[in-house]
Amino acid sequence: MNKLAWFFLVLLITGGLAQGSNPTYTLRYNHVLAPTHPFHAAFQKWAQRVAARTKGDLQILVFHSAQLGVEEDIIEQLRRGIPVGQNTDAARMGNYIREMAVINAPYFLQDPAQVERLSKTPSVQRWIDQLASQYGIRVLCMNWVQGARHFMTNRPIRTPQDLRGLRIRTPPAPIWQESVRALGATPVALAFGEIYSGLQQRAIDGVELVYQNILDMSLNEVLRYVNETQHILLVNFQVVGEAWFQRLPRNYQQILVEECESAGRGVTLDIQVQTAKAQREVQRRGMTIVTNTNLEAFRQAGQTAYERLGLLDARRRLYEEMGLR
């Protein structure tokens with residue numbers, strides 16, 4: 001089924017055509033995750049709340065599994081004013097504002113409370129304004145926390161030395177690639193939807209993802225170990241085009257942001273509960289969880305990524321603004 005057919009199918013399912021509704025504003029929202037991932041239900045809840053508060057005049061149609069296209073392409077479309085949105089991360093935003101990538105650097109953040117504090121810092125607010133004014137990207141919220149990322153491989157990993165020689169899939173952004181390289185592995189840029197086939201064909205030896213991704217993508221069929229390195233707390237941004245956002249009435253803008261933040265807080269709490277369940281399910285499916293990783297060795301190795309990308313000053317400044325050492 002092509003993308004246009006998917007679009008009309010979703011319209012029918014959500015009642016956009018079947019009930020004869022005629023919203024003034026329609027946003028097609030894309031994410032790469034499976035429909036079983038907690039984020040998908042959260043996106044649908046966000047859409048329902050926005051529709052309810054605007055009496056159906058602002059409609060969000062949610063597309064899972066990158067049905068509208070790959071992340072980078074969607075971001076370029078929304079920059080041109082096309083009414084699409086994307087679940088993304090600081091690494092992609094770092095392609096526009098280099099320092100912003102620090103949010104995805106190794107061991108930068110520890111928990112969702114720090115994410116909330118980070119979002120209110122002067123530096124982050126300045127970057128968000130700059131994304132809108134210079135690059136046409138409107139950040140609606142950045143408090144959707146997907147959890148800690150770990151290395152998943154076919155051999156146990158306890159130290160950075162254990163990763164040597166392994167080709168680990170990363171998204172196509174410098175901070176991801178330099179982080180994986182600093183932690184000991186060889187980064188291989190690969191689209192999210194190509195991970196399973198890449199492992200099958202041995203184009204890559206492993207991945208670094210969150211627990212839920214294993215279940216969504218059946219990675220237990222091609223990987224044996226989850227190595228709990230906790231090397232990145234995955235913070236997700238919800239973005240739309242600035243030009244489209246400015247076409248909305250002011251009260252609709254407020255509703256869109258408020259409900260985005262509310263859905264983000266809710267799903268972040270849900271992810272924390274679901275992660276424990278996912279750990280048990282991963283083991284039930286035959287994977288081994290390696291918990292005795294040398295986290296201090298990984299933290300020290302991760303510093304190289306900050307140095308290579310010139311992000312030490314950005315980290316220091318953000319920590320000061322957050323009241324951290």
May I ask you to decide whether [X] forms a salt bridge with [Y], counting only side-chain N to carboxylate O separations under 4.0 Å?
X: Arg316; Y: Glu320; answer: yes
X: Arg265; Y: Glu116; answer: yes
X: Arg92; Y: Asp89; answer: yes

Taking C-beta and beyond as the side chain, do [X] and [Y] meet within less than 4.5 Å on heavy atoms?
X: Val84; Y: Trp244; value: no
X: His31; Y: His37; value: no
X: Arg138; Y: Leu78; value: no
X: Arg79; Y: Ile137; value: yes
X: Asn294; Y: Arg158; value: no
X: Gln59; Y: Thr54; value: no
X: Leu199; Y: Glu221; value: no
X: Asn104; Y: Leu234; value: yes

query = By ring-ring contact (aromatic ring centres under 6.0 Å, His included), which residues pair with Tyr29, not counting sequence neighbours?
reply = Phe43, Trp46
Mark yes or no for whether [X], through its side chain, and [Y], through its backbone, hold a donor-acceptor pair below 3.5 Å.
X: Asn95; Y: Pro174; answer: no
X: Arg53; Y: Leu256; answer: no
X: Asn220; Y: Val282; answer: no
X: Thr268; Y: Val145; answer: yes
X: Gln67; Y: Phe63; answer: no
X: Gln212; Y: Pro38; answer: no
X: Trp144; Y: Cys260; answer: yes

task = Begin with the C-alpha distance, continue with both residues' side-chain angles, and end with the deciding distance and a verdict on side-chain contact (heavy atoms from CB on, under 4.5 Å) for Leu27 and Val240.
result = CA-CA 9 Å; Leu27 176 68; Val240 297; 3.8 Å; yes
Is there a donor in the side chain of [X] and an acceptor in the side chain of [Y], or the other way round, less than 3.5 Å apart?
X: Gln279; Y: Gln283; answer: no
X: Gln303; Y: Arg315; answer: yes
X: Tyr96; Y: Gln130; answer: no
X: Asn227; Y: Thr153; answer: yes
X: Gln44; Y: Gln48; answer: no
X: Tyr211; Y: Glu228; answer: yes

Looking only at heavy atoms, what is the nearest atom pair of [X] and [Y], with distance?
X: Pro171; Y: Glu208; answer: CD-OE2, 4.2 Å
X: Gly81; Y: Ala243; answer: CA-CB, 4.2 Å
X: Ala101; Y: Leu311; answer: C-CD1, 4.4 Å
X: Ala263; Y: Ala42; answer: CB-O, 4.0 Å
X: Gly206; Y: Leu223; answer: CA-CD2, 4.3 Å
X: Pro156; Y: Asp162; answer: O-CB, 4.2 Å

task = Give the C-alpha distance, both sets of side-chain angles, the deciding distance and a yes or no for salt bridge (charged side-chain N to carboxylate O under 4.0 Å, His left out) between Glu76 and Arg80.
result = CA-CA 7 Å; Glu76 286 306 303; Arg80 297 197 301 269; 5.3 Å; no
Hey, quick one: are [X] and [Y] part of the same hydrophobic cluster, counting side-chain heavy atoms closer than 4.5 Å, chains of contacts allowed?
X: Ile157; Y: Val210; answer: no
X: Leu324; Y: Val124; answer: yes
X: Leu312; Y: Ile103; answer: yes
X: Ile168; Y: Ile214; answer: no
X: Val180; Y: Phe108; answer: no

query = Knowing that exactly one of Glu71, Gln238, His64, Gln146 qualifies, which makes a side-chain hydrogen bond (donor to acceptor under 3.5 Å, both in side chains) with Asn87?
reply = Gln238
Between atom [atom1] of [X] and atom [atom2] of [Y], what is the distance when rounded to the nearest 0.5 Å?
X: Thr288; Y: Arg155; atom1: OG1; atom2: CZ; result: 15.5 Å
X: Ile175; Y: Ile232; atom1: CD1; atom2: CD1; result: 7.0 Å
X: Gln177; Y: Thr186; atom1: CD; atom2: OG1; result: 11.5 Å
X: Arg169; Y: Asp205; atom1: CZ; atom2: CG; result: 14.5 Å
X: Leu183; Y: Thr159; atom1: CG; atom2: OG1; result: 11.5 Å
X: Arg117; Y: Leu318; atom1: CZ; atom2: CG; result: 12.0 Å

side-chain contact (heavy atoms from CB on, under 4.5 Å) evaluation trace for Leu131 with Met100 = CA-CA 10 Å; Leu131 281 171; Met100 208 164 184; 3.6 Å; yes
inquiry  = Val290 vs His150, test: side-chain contact (heavy atoms from CB on, under 4.5 Å). Steps then yes/no.
reply    = CA-CA 10 Å; Val290 179; His150 310 282; over 6 Å; no
message = Run the side-chain contact (heavy atoms from CB on, under 4.5 Å) test on Leu33 and Asn213 for me, step by step, so that the C-alpha distance in whole Å, both residues' side-chain angles and the decisive distance to 0.1 Å come before the verdict.
response = CA-CA 8 Å; Leu33 303 167; Asn213 294 145; 3.7 Å; yes
From Tyr107, Phe298, Phe151, residue fulfilling ring pair (Phe, Tyr, Trp, His ring centres under 6.0 Å) relative to His231 = Phe151
